[in-house]
Amino acid sequence: MAEKELLLHAEQIDKAFGPTHAVDHVSLDFYKGEVHCLIGENGSGKSTFTNMLTGILPIGSGTFTLEGQEVAPKNQVDANHHGIAIIVQEQGTLDGLTVAENMFLGDEGQFMHNGIKNTGAMVKKAQELLDDYGFNYIKAADPIENYTFEERKLVEIVKATWFNPKVLVVDETTTALSQDGRYELFKVINRVRDHGDCVIMIDHDMDIVMSMADRISVLRDGEYIATVNKADVDADKLKTLMVGREMNGKYYRTDWGESLASDVAMKVDHVSVPGELEDISLELHNGEILGIGGLSECGMHELGKAMFGASYERTGSVTLADGTEIDDINTAIDHGVAYTSKDRDKESLLINDTIADNITLPSLRDYGKILTGKKIRTEADTYAKEMSTKMVSVNQFVSALSGGNKQKVVIARWLAKHSDILLLDSPTRGIDIKVKADIYNLLDDMRQQGKAVLIISEEIAELMGMCDRILIMKDHKIEKELVRDKSLTDTEIIKYMI
């Protein structure tokens, strides 16, 4: 690539949590007018590195130098004032505030006069920005809770970029967005790069990395491995750099044409949720992986909640093979039904509690009358290690884990519960290549054991690669059923989504 001007230099950046070096004396250069991807397995140090740059974490040791000046942001607002911004993987807006208040949180001073905030001026400015980005359907005066997870991510995109930051960090944001949302994000990334600034992008999707990056740096176990130009590598070479050995590329199932078991594990009969689902009926069989796909707002995420008894406006019935009706979460858990939410921080995890408590929570009644802390820790440690969770110990708080390791804790919880029916919404969101392969192998093992698995996913390749049947949803209804077949193409699937 053509010679570019240095914008940001990281010199010997180090961060330790107890005996564990999350980032181990990493030095990197970032140039003006580039998209620089940071890749690596979960727990490799990518987010810790960028969290220090953006003021979310204090720097352990080392220095960041931006345009010749050392920067050590005390918090995200301070980072913004230095021209550094971040769009995080998980939800980055706060309930109880309006859209406008979230956009200017910590920077309300521009709307203050004689100690009084001009709320009207704040809302007006926020709406102008939303309209400029093409998000005019989001109203600046509305409570942020009025909007979906994805719409809130769009607000975060505006919040992070409206002031033209010199460095924009995009940390696994694509995993929270539909294809339409990704398109909007990519437009913003290209705008930042074309403006002569730098985007530091963390992503596990090799197709996205190869399409968006100018240069790519690899971290492994907190250490710097290599920086390469995109033009000089392919996805397989990057995977090898990430995991330290050759990856054979086998992630999905290789069987074709297997007959579907006749016994039904769960039956959904005429289920509706106002504004979300319209008259949904389906059967989930033992020994199958059933996929649910569609565009983000098609209703598929609400369907998982409805099947788990977590949708309180639901009509219709969800029934197990033994006749049990699933009308609430406790009944579902007591009868071997597991559920993982797309929004894991808010709906699948106790984020400010330990790994041990998170893994064992659904199983506490199964451990008998005598329950000790040692027993909880031992059980949790078994299943956390089965998922290869990178942690100091199971006493570590979940909030300290990377996004991928949080997801491992979610899945470990249901392994510990020995659930027979698994309803998994976006099970590999924010998961690195190696762990994604491990999860796919785990799900296929469960299928072969006769368990019933449902995958809700916006990733077409995941649906095609793992599922026996795929139900495509559109406008809150089931539009089409497709069966596992070598000849099935993503083009055919997309045709029924749009």
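Side-chain contact annotation: D343 with S341, donor-acceptor N/O pair under 3.5 Å absent. Looking at Y133 and T161, their side chains do bring a donor and an acceptor atom within 3.5 Å of each other. For the residue pair T428 and E459, no side-chain donor N or O sits within less than 3.5 Å of a side-chain acceptor on the partner. D485 and S487 share a side-chain donor-acceptor pair at under 3.5 Å. Side-chain contact check for S44 and E41: no donor-acceptor pair (N or O, by modelled atom type) lies under 3.5 Å. Using modelled atom types and a 3.5 Å distance limit, the side chains of D203 and T174 yield a donor-acceptor pair. A side-chain donor from one of K408 and N405 sits under 3.5 Å from a side-chain acceptor of the other. If you check the side chains of Q448 and D444, you find a donor sitting under 3.5 Å from an acceptor. Side-chain atoms of E379 and T360 form no donor-acceptor pair, as typed in the model, at a separation below 3.5 Å. For the residue pair Q407 / R429, no side-chain donor-acceptor distance below 3.5 Å is found, with atom types taken as modelled. Between the side chains of S419 and K417, no donor-acceptor pair of N or O atoms lies under 3.5 Å.
A donor-acceptor pair under 3.5 Å is formed between the side chain of K230 and the backbone N or O of M210. Proximity of a side-chain donor or acceptor of E302 to a complementary backbone N or O of E276 within less than 3.5 Å is not detected. For the pair R377 (side chain) and N395 (backbone), a donor-acceptor distance under 3.5 Å is absent. Side-chain N or O atoms of R413 include none that pairs as donor or acceptor with a backbone N or O of A380 at under 3.5 Å. Checking side-chain atoms of K153 against main-chain N and O of T173 turns up no donor-acceptor pair under 3.5 Å. The main-chain N or O of T331 is found under 3.5 Å from a side-chain atom of D328 such that the two form a donor-acceptor pair.
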Would K267 and D269 satisfy salt bridge (Lys or Arg N to Asp or Glu O under 4.0 Å), going step by step from the backbone distance to the final call? CA-CA 6 Å; K267 184 177 181 181; D269 197 24; 5.2 Å; no
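For NZ of K139, the number of neighbouring non-hydrogen atoms (other residues, nucleotides, ligands) closer than 6.0 Å is greater than 12. In Y137, the OH atom is crowded: over 12 heavy atoms of neighbouring residues, nucleotides or ligands sit closer than 6.0 Å.
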